[in-house]
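A, B, ... follow the sequence lines: proteins, then strands. Residue 1 opens every chain.
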Amino acid sequence: MDYVIEMLNIRKEFPGIVANDNITLRVIPGEIHALLGENGAGKSTLMSILFGLYKPDKGIIKVRGKEVNISNPNIATELGIGMVHQHFKLIHNFTVTENIILGMEKTKGLSIDIKSAAKRIKELSNLYGLKVDPYAKIEDISVGMQQRVEILKMLYRNADILIFDEPTAVLTPQEVEELMNIMRRLIDEGKSIILITHKLKEIKAIANRCTIIRKGKGIATVDVASTSTEKMAELMVGHEVNFKVKKGEPKLGDVLLKVDKLNVKDNRDITAVKDVSFEVRGGEILGIAGVDGNGQTELIEAITGLRKVESGKIILNGEEVQDWSIRKRNELGLGHIPEDRHKHGLVLDFLLEDNMILENYYKSPFSSKGILNREEIRKYSDRLIKEFDVRCGKGSKTIVRSMSGGNQQKAIIAREIDRSPQVLVVSQPTRGLDVGAIEYIHKRLIEERDKGKAILLFSLELDEILNVSDRIAVMYEGNIVGIVDAKSTDENELGLMMAGSKGGNKNEKNI
Amino acid sequence: MKKISKYFTNEDYQKKIIPFLSVLLGFIMGALIMLFSGYNPLEAYSALLKGAGFYGSIKRFGDTLLNMTTLIFTGLSVAFAFRTGLFNIGAAGQMLMGGFIAVYIGIIFDLPRIIHLPFAVISAGLAGALWASIPGILKAKFKVHEVVTTIMMNWIAYWSVYYFVPNYIPGNFDTESAVIKESASLRTDWLSSLFKGSYVNLGLFLSIIAVIIIWWILEKTTFGYELKAVGFNPNSAEYAGMKVNRNIVFSMMISGTLAGLAGAVYYLGYTNNIKIGELPTQGFDGIAVALLGLNNPIGIVFSSFLFGFMNAGKLFMSASTEVPKELIEIIIAVIIFFAAANLMIKGFLSKINKVIYRKEGEKNV
Ligand SMILES: Nc1ncnc2c1ncn2[C@@H]1O[C@H](COP(=O)(O)OP(=O)(O)OP(=O)(O)O)[C@@H](O)[C@H]1O
Ligand SMILES: [Mg+2]
């Protein structure tokens, strides 16, 4: 059979870790080929090699049957290979067109010919149904739209082998649907796609074949249609995976977090959270569902102290804290797993161990009288790495920037859960995590709940909300449209509420 | 073999040898230029070393250390700011203000040395801190970029000294101040006689103490941890409950203190008075010193020694071999260029490694 891409016996070593250990990947023209593996298994590394960002230590790459040496991304581009990275690479104050033509500007006389470029982008956009405005500024468009700009960037360079590194991790469910339609259209136009995702449902829905890697080694390439998701998960982690976490009845304690008639403005000075009130008791998990951009971010930031409150009260552990500093709230018993791990959660240029003490560095045993106790910090960090299975090349001494996306997330979760705060505000905790890690994180969240802590869980994943929460509140346009019991609701009801209908007649509890 | 190989491939190690390679390349380039213009590079370099006191004269070596002393302080000042996410271009102005206050106290007051000298030195540090706090506050409060404000503050310092010196501490010439009292001088007899009359002074010990303290703050204290976190990522520092704005001002003030102390050791230890109409070049050299020293306190000792001896030796070299002293500036420029263009060198190192240590089965390179 003819393959469009063959990566044969690829090996790549980083200090302290073999990221790719003799992996072979073959892609048939016109297929969607999924790449599945745990966090840190080496998927991004393998694709970076194909795209010319890293040189393999060993192995052969063939494109359309011909052996090639892809020593930099320009060569990859010439060979018709394009890549959408896990973290986008767009310049925020440039327009869509400027971003797309960057590095391959055609000139007309002395000036760059923006007009004809924009025209071609418009045509491509129409052809694939991308709905991108060539003159919009990147900073003004949604994440989903930014991703389509990245897709257009590949198409503009005439790529016909398209690599998507976890494209769906940052998308809302609706955007995921649209992306899948776009991919189908790309295949119809004769492109081939390599897709990295942790979501087995997506692989089932769209991929033809799937190559599974575990700890840097190629395990198998399977036909998707004839392989169950359970089987794929098992191949990936090496043992059986439970998708649904077990949990008992909540043992409700006192109200630990109470939000009362809260109003919060967003960056554009528009009220984004409107008169929101709810309570979370010790021993329960309150999930907050909603389409992205309905005030969730502002609500989280207000509760955790990153954003000013316009009016209303936040009562934490019996104290009114809306005007308190972040430090004081943390000390009273607030924890926060932030939505944006690179912006808030981590200091990427710090060592892993220094990130593990980000909120506690000034406390015993990590320091005394202002002097850091390196030994204790190391011990603590080593323990968290082991307990939460954070995988990285040099253990506590790894620079966080070099860790895989999923393992960065695990590090934050380890830090916040281990602090075991009275109230834990959790946002998109499992974004970018593999199924095994998701199972573990959910288990740990439920353990915290069973210890009598209050957990407020924000997630765009309905599955996660339904699985983990005890009660579910739905946010729409800054309001909470209803709070329902997790056991007696379903996706349909939540979906309706997320669209604004005052749902949950059958079991709305008035709290 | 593997041991050496890691210096070519491992990023951490690469980073550490780049400064040394840059220096080597700088001197090779200097030698080539001399060859092309008909000078003998061996002669010139041995004159340079002699001029810097590596052999022949212990006094000249004292002058090398004297040069180094000021550069350690300005280098530390820039590096400390940089490690905490700030770009302090204003070390020159902070140094000038520190020096002015030190000289002023040295002239006006009449006190026993044990009080007079510390008083003058500490005031210099405080003046530098105060001068640097203004850009710090402007950044914290109004998000004005510190590069712009520190440059402006340089010129404000320049013109303030221009006005204050002739009006408050006039000397024999219109362009300089009076001379400080001996009780405020950093020079000491035993050091001067040890180095046969060089002006190397107590400032040398102060600079070493400063290196240790700054290293200790950055690596060992929660304060340094906070400052670095704020420097690398203010958003996550805020998330962790740190006071971002306060820390920006603190960073600037510590950086300014170091620059102010540079003024103390330069004016109280070397010149003994202050001239108007010049911004001390050491303030800007500090940027190069910090860069070459990888913004690391220990690295700065090495890089300021290098700059110190080149400054000390260049006059002797040009006098005894007719090689123009500007050649030294070229060499320094080349060193800085290579140190800054470290990506190029990194690529180069990886290539060398490939050539030397070609591994089995390595088809794809
Ligand atoms: N530049 C680098 N320097 C050092 N180690 C690296 C570097 N890039 C990746 N690694 C390490 O290689 C391993 C594989 O990383 P990679 O990013 O390929 O994982 P991944 O399969 O994409 O994981 P995820 O699903 O979490 O994104 C990880 O252990 C990571 O820490
Ligand atoms: Mg990845």
If you tally heavy-atom pairs under 4.5 Å between each of A/Val347, A/Ile326, A/Leu358 and chain B, the highest tally belongs to A/Leu358
The reported gap from OG1 in B/Thr222 to CD1 in A/Ile357 (rounded to nearest 0.5 angstrom) is 9.5 Å
Between A/Arg341 and chain B, which part of the residue has a heavy atom less than 4.5 Å away: side chain, backbone, both or neither?
-> neither
Under 4.5 Å from a heavy atom of chain B, the part of A/Arg11 involved = neither
For atom NZ of A/Lys363, is the number of surrounding heavy atoms from other residues, nucleotides or ligands below 6.0 Å larger than 12?
-> yes
Less than 6.0 Å separating the ring centroids of B/Tyr225 and A/Tyr362?
-> no
By ring-ring contact (aromatic ring centres under 6.0 Å, His included), which residues pair with A/Phe458, not counting sequence neighbours?
-> none
CE on B/Met242 to OG on A/Ser325, rounded to 0.5 Å | 13.0 Å
Is the backbone N or O of A/Gly370 less than 3.5 Å from a side-chain atom of B/Thr221, with the two atoms forming a donor-acceptor pair by type?
-> no
Would you call the rings of B/Tyr239 and A/His336 parallel, tilted or perpendicular, where under 30° means parallel and over 60° means perpendicular?
-> tilted
With a cut-off of 6.0 Å (strictly less than), are more than 12 heavy atoms of other residues, nucleotides or ligands near CZ of A/Phe14?
-> yes
Heavy-atom pair with the smallest gap, counting every atom of B/Asn235 and A/Lys343 | CB-O, 3.2 Å
Could you check which of A/His344, A/Glu359, A/Lys369 has the highest count of heavy-atom pairs closer than 4.5 Å to chain B?
-> A/His344
Within the distance-only criterion (no hydrogens, no angle test), does the side chain of B/Asn233 pair as donor or acceptor with the backbone N or O of A/Leu346 below 3.5 angstrom?
-> yes
Which residue pairs satisfy the side chain to side chain donor-acceptor pair (under 3.5 Å) criterion with at least one member in residues 247-260 of chain B, sequence neighbours excluded?
-> B/Ser77-B/Ser255, B/Thr84-B/Ser251, B/Asn88-B/Ser255, B/Glu226-B/Asn247
Among A/Asp340, A/Asp354, A/Asn330, A/Thr304, who wins on heavy-atom pairs under 4.5 Å with chain B?
-> A/Asp354
Chain A contact via B/Lys228 - which portion, at a heavy-atom distance below 4.5 Å = both
Exceeds 12 heavy-atom contacts within 6.0 angstrom, atom CZ of B/Phe82 = no
